[in-house]
Amino acid sequence: MNAIEHLGQWALALREEQEHERLWIEQLISQSSPQQRREKGITWYPVKVADEGYGLGAYPFLVLENPRPQKGHAFQSGNPVSVFSEADASKGERVSGVIGFVDDQRMKIVFHCDELPDWIDNGRLGVDALFDEKSYKEMFLALNKTINAEKGRLAELRDCIYGQRVLKWDEDLVKPNEKLNPSQQAAVQSIVQAQDIAVVHGPPGTGKTTTLVAAIKEMSLRGKKILITAASNAATDHLLQQCIQAGLTGVRIGNTAKVEEDNQAFTMDACLLRDKEYKQIKELKKRAVEMRKMGGKYKRSFGKEEADQRRLLFQEAKKLQKEARDWEQYLIDRIIDESAVVAATLIGSNHHYIQDKQWDVVVIDEAGQALGPATWVAIGHADKVVLAGDPHQLPPTVKSNKAAELGLGNTLLDVAIEQLPNAVSFLNVQYRMHQDIMAFSNAQFYKEALVAHESVASRGWSSEESAVLFIDTAGCGFEEQPGVDGDSLQNPEEWQIIQKHIEAKQMHLAGDIAVISPYRAQVSWVQNDMSDAHRWTVNTIDSFQGQEEDVVYISLVRSNEQSEIGFLKDYRRMNVAMTRARKGLVIVGDSATLAKDSFYSKMIEMIDTKGGYISAWEMLYS
């Protein structure tokens, strides 16, 4: 594979994705009302100002409250937004900022300006999600830098990853860690000894994160400065939390969405607040605010003397702001230098706090879910790279069909596994699933290389029946139907069958239950219909990746005379779904629709051989 050609192809694909997303958002904002945009999840309107002030860097912020809590919106921490002043946003004034925090009802927006316009205090406000230009800019800059690198470490890493340069290894031996199995120990050894790149292929439940943390700790003990990163905030936060629990010091750079409580103390904001010198910075910010207020006071008679005084007050406020920012930056640099690991998302690895830093090692977790161009943002700061993930689980999200055709869904992990077999460490022992639950994925995706650890191999939900079941709805008339919004599909009868099975087997279901589906409309139906007394996890397969429960029910939804299965043809999604359960897996679907596809035909056949086939007719009329 030619590195330059492949990277150039990614650039073309990324441009298609960028234009596709830009046009979609811009058309919605320009051609629809705030109420219509609200229904699409890209607008909050109207909102109330719940709090305001000046935060990190002495920049102003607003906390806005949505009177009608809104699930399923498009707002995410770190993304750009536009606050507008009236119902017809096309005619109103706007000010742009970045989301610092958001949930279903409240949103904190940070603005990179000295002060907010006066109209913020007048009339009703709304917030639109904007096209995230920054992420694309960072990816294009990284691709351009990588393509044009003729010498230096980036050029060497590029050629190594694409198999155009021989990999080098140290002979530094790692003391065996008794808490790790042989495949995990071998992976740690490979990561420590690699001079250029190491790859960890970790199928579900094989302890990929445990292995990464052990390797990170070994490299830290050897004095290496390490950046840990992933495509999503959640994956980045999880790896940092595991490093902290292993005794490493760390700091989180960037916006942290949905950070667990135990991890919040390691954000940059929290680290600064604990620093003794930060009190002086807060005092400077306070004085700057006071100066601005004094300068902005209304005066009945306003002449040259008053104008000069106002100008001097604003100048003093700006001077105090700059002093606060400079002092703050000094503390930030010190915190980063004293941390064993620094954590940021792939795009966040070029955050202005760390954009000029070079790392001994950059660890990219969940690399199978990361857009290829995004991985190069982080690699541009690396002396050595560690890629970890599983190419047989969910790929990165690509919205443009043309971008997908140009290969944007193929990841750098795919490239590395194909080009560098000697650099790949395969983790072959899984600690999550009963061996029957694991069986189909093991055969279909992992060439029977996985084994179930003895602690879980026979740990089922019942000693009387198979740990994996297929409930066949063929012939029952449970046909798929459009969801409420028309953009997805649902199958209410499949949910009825799941409820009936749970009720019938309640005595056997020790532990937690999850109900998942590839279709958002089915998830919504289940959530709305489920009794308040039941606290089962209900989610899409995509959102459930990385999680697990004792018992998992999968509603496949598709049931039609044409045997059309839509995006069920993305078998990686089913691999994720089928590997979430620890003790019991129940798949509900229509074999008449599914079995014409060889993947699902094999799945049903394997479950049948293990005694796990049930007809929905039997359940309905038994």
Asks: Any side-chain heavy atom of I109 sitting closer than 4.5 Å to one from V98?
Replies: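 The answer is no, as the side chains (C-beta and beyond) never meet within the 4.5 Å cut-off.
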
Asks: In Å, rounded to the nearest 0.5 Å, how long is the span from CG of D172 to CE of M219?
Replies: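 So the CG of D172 and the CE of M219 are separated by 11.5 Å.
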
Asks: Going by distance alone, is a donor N or O of one side chain under 3.5 Å from an acceptor N or O of the other, for D269 and T267?
Replies: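 No, no side-chain donor-acceptor contact under 3.5 Å.
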
Asks: Does E17 come within less than 4.0 Å of K399, counting only side-chain N to carboxylate O?
Replies: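 Here E17 does not pair with K399 in a salt bridge, since their nearest N and O are not under 4.0 Å apart.
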
Asks: Can the ring centroids of F101 and F75 be said to lie less than 6.0 angstrom from one another?
Replies: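 Judged by ring-centre distance (under 6.0 Å), F101 and F75 do not meet the cut-off.
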
Asks: Once side-chain hydrogen bond (donor to acceptor under 3.5 Å, both in side chains) is applied, do any residues pair with E138, and if so which ones, sequence neighbours excluded?
Replies: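 In terms of side-chain hydrogen bond (donor to acceptor under 3.5 Å, both in side chains), with neighbours along the sequence ignored, E138 is linked to N350.
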
Asks: What residues form a salt bridge (Lys or Arg N to Asp or Glu O under 4.0 Å) with D570, not counting sequence neighbours?
Replies: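 Applying salt bridge (Lys or Arg N to Asp or Glu O under 4.0 Å) to D570 gives R572, R573.
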
Asks: May I have all residue pairs that pass side-chain hydrogen bond (donor to acceptor under 3.5 Å, both in side chains) and include part of residues 367-376, sequence neighbours excluded?
Replies: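 Every pair satisfying side-chain hydrogen bond (donor to acceptor under 3.5 Å, both in side chains) with a residue in residues 367-376: E366-Q369, Q369-Q545.
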
Asks: Is the number of heavy atoms from other residues, nucleotides or ligands under 6.0 Å of Q195 CD greater than 12?
Replies: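 For Q195, atom CD is crowded (more than 12 foreign heavy atoms under 6.0 Å).
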
Asks: Could you tell me if T540 and S543 have a donor-acceptor pair between their side chains, going purely by distance under 3.5 Å?
Replies: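 Present: a donor and an acceptor within the cut-off.
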
Asks: With salt bridge (Lys or Arg N to Asp or Glu O under 4.0 Å) as the rule and sequence neighbours excluded, what pairs involving residues 210-219 come up?
Replies: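 Sorted result for residues 210-219: E218-R222.
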
Asks: Just how far is it from atom CG of L212 to atom CD1 of I228, taken to the nearest 0.5 Å?
Replies: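 Spacing of CG (L212) from CD1 (I228) equals 9.5 Å.
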
Asks: With no hydrogens and no angle check, just 3.5 Å: does a side-chain donor-acceptor pair link Q184 and T210?
Replies: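 No, because no side-chain N or O of Q184 sits under 3.5 Å from a partner of the opposite role on T210.
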
Asks: Among all residues two or more places apart in sequence or in another chain, which pass the ring pair (Phe, Tyr, Trp, His ring centres under 6.0 Å) test with H434?
Replies: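 Result, ring pair (Phe, Tyr, Trp, His ring centres under 6.0 Å) vs H434: none returned.
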
Asks: Less than 6.0 angstrom separating the ring centers of F567 and Y519, yes or no?
Replies: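 Under 6.0 Å, so yes.
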
Asks: Got a salt bridge between D597 and R558, using NZ or NE/NH1/NH2 to carboxylate O under 4.0 Å?
Replies: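 A salt bridge is absent here (no side-chain N lies under 4.0 Å from a carboxylate O).
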
Asks: What's the separation between atom CG in D414 and atom NE2 in H392, rounded to the nearest 0.5 Å?
Replies: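 Result: 9.0 Å between the selected atoms.
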
Asks: Under the side-chain hydrogen bond (donor to acceptor under 3.5 Å, both in side chains) rule, collect the residues that match up with K357, sequence neighbours excluded.
Replies: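 Listed in chain order: D337.
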
Asks: For E26, check side-chain contact (heavy atoms from CB on, under 4.5 Å) against everything at least two apart and list the hits.
Replies: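 For E26 the side-chain contact (heavy atoms from CB on, under 4.5 Å) partners, ignoring immediate neighbours, are R22.
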
Asks: Decide yes or no on ring-ring contact (aromatic ring centres under 6.0 Å, His included) for F599 and F440, but give the supporting numbers first.
Replies: CA-CA 10 Å; F599 176 90; F440 182 69; 5.1 Å; yes

Asks: Test R580 against E549 for salt bridge (charged side-chain N to carboxylate O under 4.0 Å, His left out), laying out the working first.
Replies: CA-CA 6 Å; R580 301 303 97 196; E549 291 288 9; over 6 Å; no

Asks: Any pair with a residue in residues 435-453 that passes salt bridge (Lys or Arg N to Asp or Glu O under 4.0 Å), sequence neighbours left out, goes on the list, sorted by first then second residue, please.
Replies: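 Non-adjacent pairs meeting salt bridge (Lys or Arg N to Asp or Glu O under 4.0 Å): D436-K610.
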
Asks: Tell me every residue that passes salt bridge (Lys or Arg N to Asp or Glu O under 4.0 Å) with K137, counting only those two or more places apart in sequence or in another chain.
Replies: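 Residues passing salt bridge (Lys or Arg N to Asp or Glu O under 4.0 Å) with K137: none at all.
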
Asks: Measuring from S563:OG to K596:NZ, what's the distance to the nearest 0.5 Å?
Replies: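 Going from the OG atom of S563 to the NZ atom of K596 covers 3.5 Å.
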
Asks: Give a yes-or-no answer on whether the side chains of N575 and Q393 include a donor-acceptor pair shorter than 3.5 Å.
Replies: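 The answer is no; no qualifying pair exists.
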
Asks: Checking side-chain polar atoms at under 3.5 Å, does T236 have a donor or acceptor matched by the opposite partner on N233?
Replies: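 Short answer, no.
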
Asks: Does anything in residues 138-193 form a ring pair (Phe, Tyr, Trp, His ring centres under 6.0 Å)? List the pairs, not counting sequence neighbours.
Replies: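 Qualifying pairs, neighbours excluded: H6-Y162.
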
Asks: Going by distance alone, is a donor N or O of one side chain under 3.5 Å from an acceptor N or O of the other, for N181 and Q185?
Replies: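 Absent: no donor and acceptor within the cut-off.
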
Asks: With no hydrogens and no angle check, just 3.5 Å: does a side-chain donor-acceptor pair link T206 and Q430?
Replies: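 Per modelled atom types, T206 and Q430 side chains form no pair under 3.5 Å.
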
Asks: What residues form a ring pair (Phe, Tyr, Trp, His ring centres under 6.0 Å) with Y600, not counting sequence neighbours?
Replies: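 In terms of ring pair (Phe, Tyr, Trp, His ring centres under 6.0 Å), with neighbours along the sequence ignored, Y600 is linked to no residue.
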
Asks: Does E178 have more than 12 heavy atoms from other residues, nucleotides or ligands lying within 6.0 Å of its CD?
Replies: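 Count not over threshold, so no.
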
Asks: Under a 3.5 Å cutoff, is there a donor and acceptor pairing between the side chains of N144 and N148?
Replies: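 Checked: N144/N148 side chains pair up, N/O donor to acceptor below 3.5 Å.
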
Asks: Is atom NZ of K224 surrounded by more than 12 heavy atoms (other residues, nucleotides or ligands) closer than 6.0 Å?
Replies: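 Open: at most 12 neighbouring heavy atoms sit under 6.0 Å from NZ of K224.
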
Asks: Measure the spacing between CG of L167 and CG of N422 and express it to the nearest 0.5 Å.
Replies: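 Between L167 CG and N422 CG, I get 8.0 Å after rounding to 0.5 Å.
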
Asks: Out of curiosity, L594 CG to L568 CG, how far, rounded to the nearest 0.5 Å?
Replies: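 Rounded to the nearest 0.5 Å, the CG-CG separation comes to 6.5 Å.
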
Asks: As a test of understanding, state which of R153, K384, K168, R165 forms a salt bridge (Lys or Arg N to Asp or Glu O under 4.0 Å) with D196.
Replies: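 Passing option: R153.
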
Asks: Is there side-chain contact between V102 and I99, with at least one heavy-atom pair below 4.5 Å?
Replies: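 In short, these two side chains touch, coming nearer than 4.5 Å.
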
Asks: How about E605: does its CD atom have over 12 heavy atoms from other parts shown lying under 6.0 Å from it?
Replies: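 No.
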
Asks: So do the side chains of P391 and I417 get within less than 4.5 Å of each other, counting heavy atoms only?
Replies: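 P391 reaches I417 side chain to side chain.
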
Asks: By ring pair (Phe, Tyr, Trp, His ring centres under 6.0 Å), which residues pair with Y136, not counting sequence neighbours?
Replies: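 Once residues adjacent in sequence are excluded, the partners of Y136 under the ring pair (Phe, Tyr, Trp, His ring centres under 6.0 Å) criterion are F131.
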
